[in-house]
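Have a look at the structure below, then the notes.
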Amino acid sequence: MEYNHKDIESRWQQQWKNDKTYSTEIDRERPKFYVLDMFPYPSGAGLHVGHPLGYIASDIYSRYKRLQGFNVLHPMGYDAYGLPAEQYAIQTGQHPEKTTNDNIARYRSQLDKIGFCYDWNREIRTCDPSYYKWTQWAFIQMFNHYYDTEAAKAMPIAKLIEHLDAKGTAGLKAACGKELDITAEQWKAMDEKQKSDTLMNYRIAYLGNTMVNWCPQLGTVLANDEVSDGLSVRGGYPVEQKLMYQWCLRVSAYAQRLLEGLEKVDWTDSLKETQRNWIGRSEGAEMRFKVAGSDLDLEIFTTRADTIFGVTFMVLAPESAYVAQVTTPEQKAAVDEYLATVKHKTERERMIDKKMTGVFTGSYAVNPLTGKNIPIYVSDYVLAGYGKGAIMAVPAHDSRDYAFARAFNLPVIPLIEGADVSEESFDAKEGKMINSDGPELKLNGLDVKDAIATTKKFIEEKGLGRVKVNYRLRDAIFSRQRYWGEPFPVYYKDGVPHMLDMDKLPLMLPEISEYRPTETGEPPLGRAENWCTAEGYPLELNTMPGFAGSSAYYLRYMDPHNDEALVSEEANGYWRQVDLYIGGTEHATGHLIYSRFWNKFLYDLGKVVEDEPFKKLINQGMIQGRTSFVYRVQGTNTFVSHGLKDNYDVQTIRVHIDLVNNDVLNTEEFKKWRPEFENAEFILEDGKYICGYAVEKMSKSMFNVVNPDDIVERYGADTLRLYEMFLGPLEQSKPWDTNGIDGVNRFIKKLWNLFYKGDTCLVDDSEPSAQNLKTLHTLIKKVTADIENFSYNTSVAAFMICVNELAKQNCHSRAVLSQLLVVLAPFAPHVAEELWHSAIGNTTTICDAKWPEWNEDYLKESTVNYPVSFNGKPRFNITVEASTPAPEVQKLALEHESAAKWLEGKTVVKVIVVPGKIVNVVVK
RNA sequence: GCUCGAAUGGUGUAAUGGUAGCCACGAGGGACUUAAAAUCCCUUGGUCAUUGCGACCGUGCGGGUUCGAGUCCCGCUUCGAGCACCA
C-alpha cells in the first residue's frame, strides 16, 4: 500500500460524517471544554490559505482535549450579513441571500476538505431568522434597561421611571447622554413624546442625535472601528462627520467594567493594551471657568490640573455649544466666517492640516485661581467630542496649545523648573513646579504628581469643579442605512419608538425590489411594501450593523436550536464560556469590545453565568501573500532571471503564483498565461528562471492568492495542516511560502514507511527497546507541552525527529507506533486514523483513544556527558553515570588528567556542577 | 508623540541563564538508474586549517550583572503593531 492522500482523506471524512463522530452533547460525567474560532464572513473569493491557520490550531487543540477525556464543544458558523453581498446585489440585482448561501456552500466544502472536527449540527448563520430573533430580543432588552452607575449594572427602565415619578432626576445615578435636571412634577407633566425623549437619555439602546461617521459612497454610517485614517475600512472611501438621529448602544456605560474585566482574562498583553488604549481611561478634573461679565461657566476637562497657573487662554471646538454663547457682536462676523471654513473641511483634512487656525470670540474667561482674565478662542484643533468641546490652554506644557500660542502670539508661562519653552513645549509630567503660587493655592516646589493631587483636592473643596474620570470609548452607533442586516424590532407611533412584543419575533427581513436607497433618500427598507405592524404603524427602516450578529453567537452555539431562549440556563450553566478563542487581532477594538459589552449586559440580566465571554484568547498571525516577479528587459519581450536583472534595464511584472514553484518560473505555462507573453524569451541562470518576490497582502489583484483546495489536492489535508503549523509560531504574521511544503509531505511518507513496505505491513508485536521508548516518550512529553503552549511549529519538528529516529532504530513495535499515532492524530487526523485501523488493527476510531502520558524513567540517560570548563572556556569532557551525585562529578572532573595541566600553578576558586549539564571550574 | 512587540545562517525558524543554530527549505557532493523523477547517504554560520586532531570569530549596536548571557538589567538603532490634535 502506498500513501494515497486522496483516498484516505475522502474515506475518513465520509466516515466521520456518517458516524457523527464529532457531535457533542451535554455530558455531566466529563469536564467540558469550549474551543471557538472567530466565524468567517463568507466572501465571494472563498477561503485562502490564511483562513485555516487559526482553524487548524483550534482543531488540534480540540482533538487533543478530546483525547484527554474532555467533552469538547467545537462549533462553526457564518457571519453572514455584510456589505460585499449587498454591494454585489446593488450591481447585479441578485438577492444577497442567494450570494451568501452560495458562498457559504463554497466555504463549507473547502472547510470539509481540511478535516476539521466541527459539530456541524450546531452551525449558525447570523442571517437566519431563528438566530436573529435573539439579536432582536437582546436589542429590546437593551432598550428596556438603563445603567445604574451606583450598582454598576443594568437595571429595568421601570425602576428609573419609579425614581423619576418620586424624585425627578434628583439623586439619580444613571449613565446618560447629558445631565438633566428635572423635578418629579415636571416629569409627570410631560406628554408621551417628551417622556420618551427623556428616557432615551438613559436607555442602553437609545435613539440619539449624534455625530456619526457618514460614508457617502457606501451610503451608510460606520462605527469608529470601521473607520481608519478618515477612510472606511471596507472600500477605503472618505468618511465625513454628520449629525444624525440614530440608534446607539450605551457601550460607554460599561467602560470601567470592560477595563477591569481585562484583568480576569487570559489574553495577550498586546491585545489587552490595545483595548485599554481604545477604552482610553484618563483621570483628571472637570473645572468651571467663569466667563467675564456673564453668568455663564465654561466646563472643561483636564488631566493636568497642576498647570492651572499657566493657562493663558481658552479654546472652544467649532461645534461647541459655547461658541454661540460667548461670541461678542463685534466678533460675530469673524467667528461665523471661521466656522464656515471649518465646516467645509472633512475630518481627514482637519487631521492632516497641522497649521493652527482659529479666531478670537471677543469674550474672556476668568482663571479661578489667579482671578486673571484670559481670552477665549475658537479653533478646530479642539475636538468637539471631547468633554464639552472646551479646553484650558497651557502653551508651556502642551504642544498643541504651544503651536496655537505661537501662531496667535499669546503668552507662554513655564511652570516647571528648568523647562526651556523658547522652542517647544515641555509635555512631560515630571519636575518641580514654579510660577504656581496663588493667593490660596500654592504649588511651587512640589513635584508634578503631587501638584496634580493637591490641585484636584483644592478645586473639589472650593467647589470649582470635581475629580472625574474620562473615557475615550464612545457609544456604538447601531443603525445602518442598509438592506442586508437584522431589521430592528421597532415601530413608531406618533413619532415615538416602541418595541415589538416577543411573540412578533423574529421580525423577518422583507423582500424588496431593489437594494439601493429610495429616491427620497430613505434606506432600502423604504422600498418594502407593507413595512408596518398589523395595526399599520410604520416599522424602522434602518438595519443593524455587522457586529450585532457576532456579539452573542458564542452563546447560541451552546444551544442552537432553542426557540424559547437565546441559550437555556442548563446549556449555559454547563458550557459557561469559551475556554479558548482563536482569531485575528483585527477584531481587537470591534467585535471583542462589543461582544464583551453584550455579554456583560446579559450577565447583568442574569441570562448568562459568566461575566466575560472569552477566557483565553490566542491571536493567530496573518498569512500574507508572497508575490512573484519577472523582469522584462525594457522594450523587448525578453525576460531576465532575478540574479541577472541588475545588468539590464528592466521592468518588473507581477506573475501569477501558480506559474512559480520554489521561485522557479514555469516558462512554458508563463507563455500561455497571457497572449503578449506567447513569444517570450528568457535569460536563465543555471538553466532556470528565478523569480524575485515581495511580501504583500494576499489578494486577487496581486496574483498571490493561494487556495487551500489546490494544496489539499496536491499534497493532502494532513500535509496542509502540518505545514501551516510548521511555518512558524502561530501568533506571528508571515508570508505564505510553499517552498518548504515538500519537507512536510516527505515526513508523512516516512511515517507511512514505518508501517508499510510496499504491500507488506511491518507492524509487529515485538517488545520495544529502551531506545524506542526513549524516542517515543521524548515525543509525547514535547508535544504535550507544546500543545498547551500553542507552540505547534516545534511539535511538527518533534514528529520529524521521532519518525527519523524510529526508522533508524528499525522500530516496528505495535506498542510504540500506536502511541505515536495517537499523539499525531490532532495534527494529521486522516493518516493517523488510517494507520490506526489498517496497520495497528484497531476497530474503534482514534478519537476514542486516550492521550498517552510520558514516563520520565524512559527519558533518563544512563550516562551523562559533562563538558568541563575552566573560567567558562570548555576544555574537555567527562562521562559519568546519570545517577552520579554532583560532588562526585566535581571530584572526577578535578582528577581528570587534562585538568592537571590547567590547574598547575592556579587556585581553584569554586566548582559549579549543573546536574546533567556542565561542570565549570573557576580558577585564579 | 505615547504604549506594546520584535531583531539569531542564503530562507522559515529552534534553544527551563549552561556545548547557539534543533527541524526543515535551498544549495553542493555522492549512491541507485540507460536516463530522469522518486528515494537514500554526506557536507552546509563565517574565516583560516584540512592526510588526522582543529583554531579563532559569531545571536542589531554600546555598556552592566554572572563562573557562564541569544536569554536578565540599563542606554541606543532599526523594523512591526496599536492609539493619537483625547488636553
Side-chain angles (χ1 to χ4, degrees), chain A residues 228-229 268-282 284 300-305 307 311 315 317 350-354 356 379-383 385-387 390-394 397-401 403-404 425 427-428 470-474 585-586 588-589 619 621-622 662-664 686 693 722-723 726-729 731-735 737-744 746-747 749-750 753 782 785 791 793-802 804 807 865-874 877 909-924:
Chain A
S228 176
D229 293 331
T268 59
D269 290 338
S270 73
L271 184 63
K272 286 187 190 182
E273 196 60 31
T274 301
Q275 288 215 341
R276 284 192 197 106
N277 283 341
W278 187 260
I279 295 166
R281 180 192 157 103
S282 56
I300 60 102
F301 177 81
T302 181
T303 55
R304 293 297 301 273
T307 59
V311 178
V315 190
R350 268 168 80 162
M351 272 160 55
I352 290 168
D353 191 6
K354 297 275 184 216
M356 280 296 174
S379 173
D380 65 359
Y381 84 86
V382 174
L383 299 182
Y386 188 77
I391 61 145
M392 65 178 212
V394 186
H397 302 290
D398 183 287
S399 54
R400 297 152 299 181
D401 296 345
F404 191 84
S425 62
D427 290 15
N470 216 354
Y471 297 93
R472 204 190 72 93
L473 184 70
R474 293 289 126 87
T585 14
E586 65 271 24
T589 54
N619 290 120
M622 269 225 289
N662 286 358
D663 288 336
V664 178
D686 303 329
Y693 72 90
L722 284 167
Y723 185 60
F726 186 64
L727 222 41
E731 304 188 56
Q732 198 170 300
S733 282
K734 55 232 159 192
D737 178 356
T738 26
N739 285 351
I741 198 165
D742 291 319
V744 172
R746 255 170 237 153
F747 156 74
K749 288 180 185 158
K750 283 183 198 167
N753 292 339
K782 174 85 177 131
S791 174
N793 56 329
T794 53
S795 283
V796 180
F799 283 120
M800 290 177 176
I801 296 169
C802 178
N804 281 340
N865 194 20
Y866 285 91
V868 181
S869 310
F870 287 88
N871 288 353
K873 304 254 181 195
N877 290 314
V909 176
K910 57 178 162 178
V911 183
I912 299 149
V913 180
V914 180
K917 291 283 185 186
I918 198 161
V919 181
N920 203 329
V921 181
V922 186
V923 295
K924 208 159 56 176

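All values below come from the heavy atoms of this structure, side chains included, with hydrogens, waters and symmetry mates left out. All chains are named by letter (A, B, ...) in the order of the sequence lines, taking the proteins before the strands, and each is independently numbered beginning at 1. Values in this document were obtained by computation on a predicted structure and should not be read as measured data.
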Task: Candidates A/Val311, A/Asp401, A/Asp398 - the one meeting side-chain contact (heavy atoms from CB on, under 4.5 Å) with A/Met392 - done: A/Val311
Open item on the list: Closest-nucleotide mapping onto RNA chain B: is A/Ala797 or A/Thr302 further toward the 5' terminus? I mean the 5' end.
Closed with: A/Ala797
Open item on the list: From the set B/rA24, B/rU13, B/rA87, return the single nucleotide nearest to any side-chain atom of A/Asn804.
Closed with: B/rA24
Task: Among B/rC85, B/rC23, B/rA14, the one nearest A/Tyr381 by side-chain distance - done: B/rC85
- [ ] Measure the shortest side-chain to side-chain distance between A/Met800 and A/Val744 over non-hydrogen atoms and say whether it is less than 4.5 angstrom.
- [x] yes
Open item on the list: What's the gap between B/rU16 and B/rU78 when it is taken at their C1' atoms, as a whole Å value?
Closed with: 30 Å
Task: Protein-nucleotide distance (A/Arg304, atom CZ; B/rC85, atom P), rounded to Å - done: 19 Å
- [ ] Looking at every strand, decide which applies to A/Pro729 at a 4.0 Å heavy-atom threshold: base, sugar-phosphate, or nothing.
- [x] sugar-phosphate
Open item on the list: Closest approach to the side chain of A/Asn739, judged atom by atom: which nucleotide of B/rC25, B/rA24, B/rC4 is it?
Closed with: B/rC25
Open item on the list: Considering every strand and a 4.0 Å limit on heavy-atom distances, what is the contact class for A/Lys750: base, sugar-phosphate, or nothing?
Closed with: sugar-phosphate
Open item on the list: As a test of the definition: with a 90° window around 0 for syn, would you call B/rG46 syn or anti?
Closed with: anti
TODO: Round to the nearest Å and state the distance from A/Leu271 atom CG to B/rU3 atom C1'.
DONE: 14 Å
Open item on the list: Which heavy atom of A/Asn793 sits nearest to which heavy atom of A/Pro729, and what is that distance?
Closed with: ND2-N, 3.6 Å
- [ ] For A/Ala390 and for A/Leu727, find the nucleotide of RNA chain B with the closest heavy atom, then tell me which residue's nucleotide is more 5'.
- [x] A/Leu727
Open item on the list: Which heavy atom of A/Ala588 sits nearest to which heavy atom of A/Leu271, and what is that distance?
Closed with: CB-CD1, 3.2 Å
Open item on the list: Please find the pair of heavy atoms, one from A/His397 and one from A/Arg304, that lie closest to each other, and give the distance.
Closed with: O-NH1, 4.4 Å
TODO: Quick one: label A/Asp737 by what it contacts on the DNA or RNA (base, sugar-phosphate, nothing), any heavy atom closer than 4.0 Å.
DONE: nothing
TODO: Figure out the CD1/C1' separation between A/Ile741 and B/rA24, and round it to whole Å.
DONE: 13 Å
- [ ] Check A/Met356 against A/Arg400 and note the closest heavy-atom contact, atom names and distance.
- [x] CE-O, 3.4 Å
Open item on the list: I'd like the C1' distance from B/rC72 over to B/rC2, given in whole Å.
Closed with: 26 Å
Open item on the list: Using a heavy-atom cut-off of 4.0 Å across all strands, would you classify A/Arg746 as base, sugar-phosphate, or nothing?
Closed with: sugar-phosphate
Task: Minimum side-chain heavy-atom gap A/Thr268-A/Glu731 below 4.5 Å - done: yes
- [ ] Could you measure between the two C1' atoms, the one in B/rU77 and the one in B/rG62, and give it in whole Å?
- [x] 11 Å
Task: Atom-to-atom span, CG of A/Asp742 to P of B/rG12 - whole angstrom - done: 18 Å
- [ ] Write down the distance between CG (A/Asp269) and P (B/rG5), rounded to a whole number of angstrom.
- [x] 7 Å
Open item on the list: Please classify the nucleic acid contact of A/Asn793 as base, sugar-phosphate, or nothing, using heavy-atom distances under 4.0 Å.
Closed with: sugar-phosphate
Task: By side-chain contact (heavy atoms from CB on, under 4.5 Å) - contacts of A/Lys782 (at least two apart) - done: A/Asp786, A/Thr794, A/Ala798
- [ ] Considering only atom C1', compute the distance from B/rC23 to B/rG29 and round it to an integer number of Å.
- [x] 22 Å
Task: Protein-nucleotide distance (A/Ile391, atom CD1; B/rA87, atom C1'), rounded to Å - done: 6 Å
Task: Heavy-atom pair with the smallest gap, counting every atom of A/Thr303 and A/Ser282 - done: CG2-CB, 3.9 Å
Open item on the list: Keeping A/Ser425 on the side-chain end and A/Asp427 on the backbone end, is there a donor-acceptor pair under 3.5 Å?
Closed with: no
Open item on the list: Testing the basics here: between A/Val796 and A/Phe726, what is the closest heavy-atom pair and its distance to 0.1 Å?
Closed with: CG1-CD1, 3.7 Å
Task: For atom CZ of A/Phe747 and atom P of B/rU39, their distance in whole Å - done: 15 Å
Open item on the list: With rounding to the closest Å, how many angstrom separate the C1' atoms on B/rG64 and B/rA27?
Closed with: 41 Å
Task: RNA chain B: stems of at least 3 consecutive Watson-Crick or G-U pairs whose donor-acceptor distances fall under 3.5 Å - done: B:1-7 with B:77-83, B:10-12 with B:23-25, B:26-31 with B:39-44, B:45-48 with B:54-57, B:60-64 with B:72-76
TODO: Would you mind classifying the nucleic acid contact of A/Phe799 as base, sugar-phosphate or nothing, using non-hydrogen atoms under 4.0 angstrom?
DONE: nothing
N/O to N/O distances under 3.5 Å, protein versus nucleotides 77-83 of chain B:
from, atom 1, to, atom 2, distance (Å)
B/rC83, O3', A/Arg472, NH1, 3.3

Open item on the list: Suppose you measure atom C1' in B/rA20 against the same atom in B/rG68; what distance do you get, rounded to whole Å?
Closed with: 14 Å
Task: Same-atom distance (P) from B/rC74 to B/rG80, integer angstrom - done: 25 Å
TODO: For the residue pair A/Tyr381 and A/Ile391, establish whether any side-chain heavy-atom pair is separated by less than 4.5 Å.
DONE: yes
Task: Integer angstrom distance from the C1' of B/rA69 to that of B/rG58 - done: 14 Å
Open item on the list: Please report the distance, rounded to the nearest Å, between CE in A/Met392 and P in B/rC85.
Closed with: 20 Å
